Every structure is written in C-alpha cells, then in structure tokens.
Amino acid sequence: MKRLNINYKISSIIVFLMLFRVFHLGGSIDSPHAWRQFDTNQYIEGYYYDDAPFLAPTVCWMGGHKTLILEFPLPEYAVAQLYKIFGPHLIVARLFFLLFFVLAMVYLYKSLRLVFDNWVPEFAVLIAGTMPLALYYSTAIHIDFFSISFALAMLYFSMKAIRDQNFKTLLIALGCAMIAMLVKAPYAFYFALPILLYAQQQGKLRWFLYRSPIFVLPVIALILWVKYSKAVNAQAPDWSLIPNYNKFTEMWYWYFGTMNQRSYWQTWYLIAERVYIEVLGLFGSLVALIGLISYKKSKSYWWSLSVLLGTIIYVAIFFNLNLKHNYYQIPFVICCSIFIAMGLQWIYDRINTAQDFKFIPILLIVVTILGEYSFFAEKNYYKDNYYIDRVSSEIRKFTDRDDLVIVSYGGLTPQCPVILQPAGRYGWSIPIHDFKPEQAVKLWKESGASKLAIVYGGYFEGELQYFYEAMPNKKSVLLDRNGLVLYMCDLDFDWTRVAE
C-alpha cells in the first residue's frame, strides 16, 4: 500500500478524533472532577463578568476576598477574551481546550516523525487521542492539554533544533517551555530526558549542552511566579473558624506528598491500576507489551523508553498529585500510546499478505482497542450533576449577584466550588458536619455574609433548628422523594441571642 501524504494522514486522524468528541461539546459541566472544572470556569467568569486583573484571578469560595492563585491563569484569561467576542458560552471554552488538545496531538506526531520512519507516529496519535482520559479531559473545562500541548511543542522544537543545529528553533522551544512550565510544570520538565537522549543519538549533545542554559529561564520564571502567588494568597483573610480552611501558601505536601506514601505498595498499585483502566485498557496493554518486548531495539526504541522513564520519574516526584486525581495520569497517554503504536507496527511488519491488505488486521485491532476505550469513557465519564445543578439554580434565584452566600452540602470542602460557581455567587463552603451557627454570625459580622443555603436530609434539630427558624425570609425546596431539602434564608442578626 502506498504511503499517503504526511499532512493528509495526520489531518485525517485529527478530523476523526474531533468527530469522536462532537457529542460532548455541549451541555453543562459534568463529572468526574466537576469541582476542578468549576474552579477553571470561575477563573474565566471572574475575568469576564468581574473584570478581574490578569494576575489576580478569582475563586468563588473565599467570600468577598475572591482573589486566589491556583495556577498561572493564561488559558482562562484567553477564554475570557473569546467570551467577549462570541459570548459566555461553555462550548466556546470547550472548543478552546479542544484546540489545544489537537495541537498536543500535532506536536506528538511531529516529535515522533523525527524519531520513527514508519507508521508509529500515525498509530500513536490515533491511540492517544482515543484513550479514556484523553477523550474526557480534551473537551472538559480543564487546562491540562493546554499545558501538554506546549510541553510537546517544546519537545518537538528542541529536537528539531538539535537535528538542524538551529539556535532560532531552540528559542521557539524555549518560549514553549516558558508557557508549559508556568501553567503546569510537572507536565513539562521530564521531557528533558528524551531531548538529551535524542541529542546524544544525533551526535550533537555538545552543541545542545552549550546552549541548554537558556532553559534556566523558565525555571526562574516559575520560581518568581510561585513567590508572587504565595504573596498574593497570604493576603487572604484569616477564616480559621472554618475547619480545614487553606490559604494555599504552603503547598509542598500537596504537590510532592511524603516518603511514607511512597513506601506502601498499595499507593503505587492505585496509580498503576488507573493507568491500566483509564489509559491502556486490556487490549491496549497486550499490544503495548508486544511493543515493549518485541520491537527492534533501535534508537527509536530507546528514545521511547526514555519517555516512559521520564513519565515514571514525574510520578515519583509529584506522587501526591498522581495519588489524588486521575487526570495527573494524562502524561501516560503519551508514553503508552507510543508503545501500543510500536506493537501495532511490529504486527504490521509480520503480516505476510498483499500490501493492499496488510492494514485489514491492524484495522481490526485498532477498532477493538478504540471500542474498549469508547465504551469505558461513555460508561464512567460524562456524568450529569443533577443535584448540583438543581441546588445552584435555586440559590441563584433566591439571591442577588452581590450577596455573599454560605453554603453547606454534605462533605463539600471549604475549597469546593461546585455549588457557588454554577450559582454565580461568591461566598463560603462549609461541610455540614463542620457547620455551626456561630460561624455564620462571625462571617456576617466581619465578612459581609448575607445568605445561607444548607442541603439537609429531613428537618433540623437542636441548635441548628433554633438558628434557622430565627432567620427572616426563609425558603425550602424539596430535592427528592427521600426528604433531601435545600433550606435557604437571609442572615439577619439584629437580635443577639443567637450569637450568645
């Protein structure tokens, strides 16, 4: 079979990957990890509705203070500018993040094309783009593929610069590294390993090492950004009356975890299980194993192994992040897709049939793998948030945009935006088991809290009942047949006995 034009091949694959996602571009924010998407959406809407400064993004769960830096907010700010052109529609944000997923796939392809001279680049992009984590998070309100696209662009332009010994191309790689490191450094740094190995394989390691000190600049920029974000976050009020309240100034544990975490095989198993279930799948694992064991031990093989090793180093360093959330396994989409592609290439090379028919068994394998991925994603992702949407809608109707609302819904943490953000309100989130009337009193007196919304099974008892019944302008909404009720009221403490 004659090889198709390179641009035509990758374009066809990209179009297929986008069509694979067309039914998930609409609708409201879904689960899993809706909270993370709501935080991203809050950054966007804070820029759009509240005209927040670029370096002062907003969260909805710190009352009227609003400003808190969780990451370098370039993608969110860019989406807000698009909102000013096309209107504040979620599909605009979804298409924006989908565009950077496409760029990630393009630069994955271009990077692999520098290393492989067969069908591995095409196979890898097709597989990577349909893995469950890639399917879901590429259309989510989520910044990860934005960062990964720049990390892969850094990889490509670095390797191209090394091959051509072109310093101008290396400066493009530097620019990509700057953005990738600022937005999400864990997704970028480990590509240093395959870049260095590629330089060695090309016999141009000395050329690269002499010029590599320029990559200290993104590291310096990251250090300065972290220092700035700590200074900004330290200005948040002291709301330690809310258990587990966090100013996000000391994040060492959150990123890296402890050595004790790494000493338990169960924690490693949990991450490995996620990689197997949400990245590789059964059939993908079998083909990846063929690629790992049987593919020719050439320069391209050892380069691919360096990408895998770099990904494992990334996990070992940012262990707690990987342990807590599945989307931190997205880097495995890159390395695992390469080894599946190598397995497919190995099978293709050993099919003894006419050239025009060699792709038929490969197509059957690919369809099987893609079917497994699609089935898993549809079954386990894209979950609607009925109760969240219902509660937030009722709160939005009961309150004004300038109200500061205290919400309490189950175990939702003080850093959880899933009620306040879709309601379009600022305020505080307090888990129901931590909520006490005196917290509402203090937040009303000192911080301007004006409304209260509590989701509760049945009716209140004791102190909470006395407190709620003393409040004016109450409203309750039955949420389901099991007696789950949303209770809302104005906060008015002109009377003093509640505070006592």
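Bear in mind that the values here come from a model prediction, so they are computed numbers and not experimental data.
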### Mutual orientation of the aromatic rings belonging to F54 and F72 [parallel < 30°, tilted 30-60°, perpendicular > 60°]
perpendicular
### Task
Find the distance between CD (Q421) and CD (E45) and round it off to the nearest 0.5 Å.
4.5 Å
### Query
Do F318 and Y328 have their ring centres less than 6.0 Å from each other?
no
#### Entry: Closest non-hydrogen atom pair between A104 and L152, with its separation
O-CD1, 3.2 Å
#### Entry: Proximity of F319 and W268 rings by center, below 6.0 Å
yes
### Message
Using 30° and 60° as the class boundaries, would you call the ring planes of Y245 and W239 parallel, tilted or perpendicular?
### Response
perpendicular
### Task
Verify the neighbour count for atom NZ of K383: are there more than 12 heavy atoms of other residues, nucleotides or ligands below 6.0 Å?
yes
## Note on the structure
Test side-chain contact (heavy atoms from CB on, under 4.5 Å), reference K110, set L108, L112, V106, output is V106
### Query
Are the aromatic rings of Y77 and Y47 close, with centres under 6.0 Å apart?
yes
### Message
Counting only heavy atoms from other residues, nucleotides and ligands, does the tally under 6.0 Å from CZ of R350 exceed 12?
### Response
yes
### Message
Distance check, rounded to the nearest 0.5 Å: Y327 atom OH versus I143 atom CD1?
### Response
8.5 Å
### Message
Could you check whether K66 makes a cation-pi contact with Y426, meaning its NZ or CZ is under 6.0 Å from the centre of the six-membered ring and within 45° of the ring axis?
### Response
yes
### Query
Between W35 and F38, does the ring centroid distance fall short of 6.0 Å?
no
#### Entry: Test item: Q415 side-chain N/O and N244 main-chain N/O as donor-acceptor pair under 3.5 Å
yes
### Query
Are the side chain of S294 and the backbone N or O of G291 linked by a donor-acceptor pair below 3.5 Å?
no
#### Entry: Over all atoms of both residues, closest heavy-atom pair of E122 and I13
O-CD1, 3.7 Å
### Summary
Correct closest heavy-atom pair for V120 and I338 would be CG1-O, 4.4 Å
### Query
From T58 OG1 over to L68 CG, what is the distance, rounded to the nearest 0.5 angstrom?
10.0 Å
### Query
When rounded to the nearest 0.5 angstrom, what distance separates CD1 in I141 from CG in D39?
13.0 Å
### Backbone of A52 reached by a side-chain donor or acceptor of D50 within 3.5 Å
no
#### Entry: Residue pair Q329, N322: steps toward the side-chain hydrogen bond (donor to acceptor under 3.5 Å, both in side chains) verdict
CA-CA 6 Å; Q329 276 82 72; N322 279 272; 3.0 Å; yes
### Query
So, is the end of the K379 side chain (NZ or CZ) under 6.0 Å from the ring centre of F376 and within 45° of the ring's axis?
no
#### Entry: Nearest heavy atoms of I69 and L55, plus distance in Å
CD1-O, 3.9 Å
### Query
For the residue pair W265 and Y269, does the interplanar ring angle fall in the parallel (under 30°), tilted (30 to 60°) or perpendicular (over 60°) class?
perpendicular
### Task
Answer with yes or no after comparing the ring centroid distance for F97 and H142 against a 6.0 Å cut-off, counting only values under it.
no
### Query
Considering all heavy atoms of both residues, which atom of T267 and which atom of Q261 are nearest to each other, and what is their separation?
OG1-O, 2.7 Å
### Task
Please name the pair of heavy atoms, one in M159 and one in L114, separated by the smallest distance, quoted to 0.1 Å.
CB-CD1, 3.7 Å
### Message
Once you measure the plane-to-plane angle for W119 and F359, does it fall in the parallel (<30°), tilted (30-60°) or perpendicular (>60°) bin?
### Response
perpendicular
### Message
Ignoring hydrogens and geometry beyond distance, is a side-chain donor-acceptor pair present between T258 and N260 at under 3.5 Å?
### Response
no
### Task
Enter the distance from F146:CZ to K184:NZ here, rounded to the nearest 0.5 Å.
12.5 Å
### Message
Evaluate N233 against T249 for side-chain hydrogen bond (donor to acceptor under 3.5 Å, both in side chains), listing each step before the verdict.
### Response
CA-CA 6 Å; N233 293 351; T249 54; over 6 Å; no
### Task
Might you confirm whether atom NZ of K247 has over 12 heavy atoms from other residues, nucleotides or ligands at distances under 6.0 Å?
yes
### Message
Please verify the inter-ring angle class for H325 with H33; under 30° counts as parallel, over 60° as perpendicular, anything in between as tilted.
### Response
perpendicular
### Query
Between E71 and R36, is there a side-chain N and carboxylate O pair less than 4.0 Å apart?
yes
### Query
Could R262 and F256 be counted as a cation-pi pair, given that NZ or CZ must be under 6.0 Å from the ring centre and within 45° of the axis?
no
### Query
Parallel, tilted or perpendicular for Y382 and Y136, by the 30°/60° rule?
perpendicular
### Query
Hey, what do you get for CD1 (I369) to OG (S374), rounding to the nearest 0.5 Å?
13.5 Å
### Task
Could you tell me whether Y228 atom OH has more than 12 heavy atoms of other residues or ligands within 6.0 Å of it?
yes
### Message
Under the ring-ring contact (aromatic ring centres under 6.0 Å, His included) test against Y48, which residue among Y43, F86, Y83 passes?
### Response
Y83
### Task
Give the ring-plane orientation class for Y107 versus F157, where under 30° counts as parallel, over 60° as perpendicular and anything between as tilted.
tilted
### Query
So T169 and K160, side-chain contact (heavy atoms from CB on, under 4.5 Å) or not? Walk me through it.
CA-CA 7 Å; T169 305; K160 188 173 186 292; 4.2 Å; yes
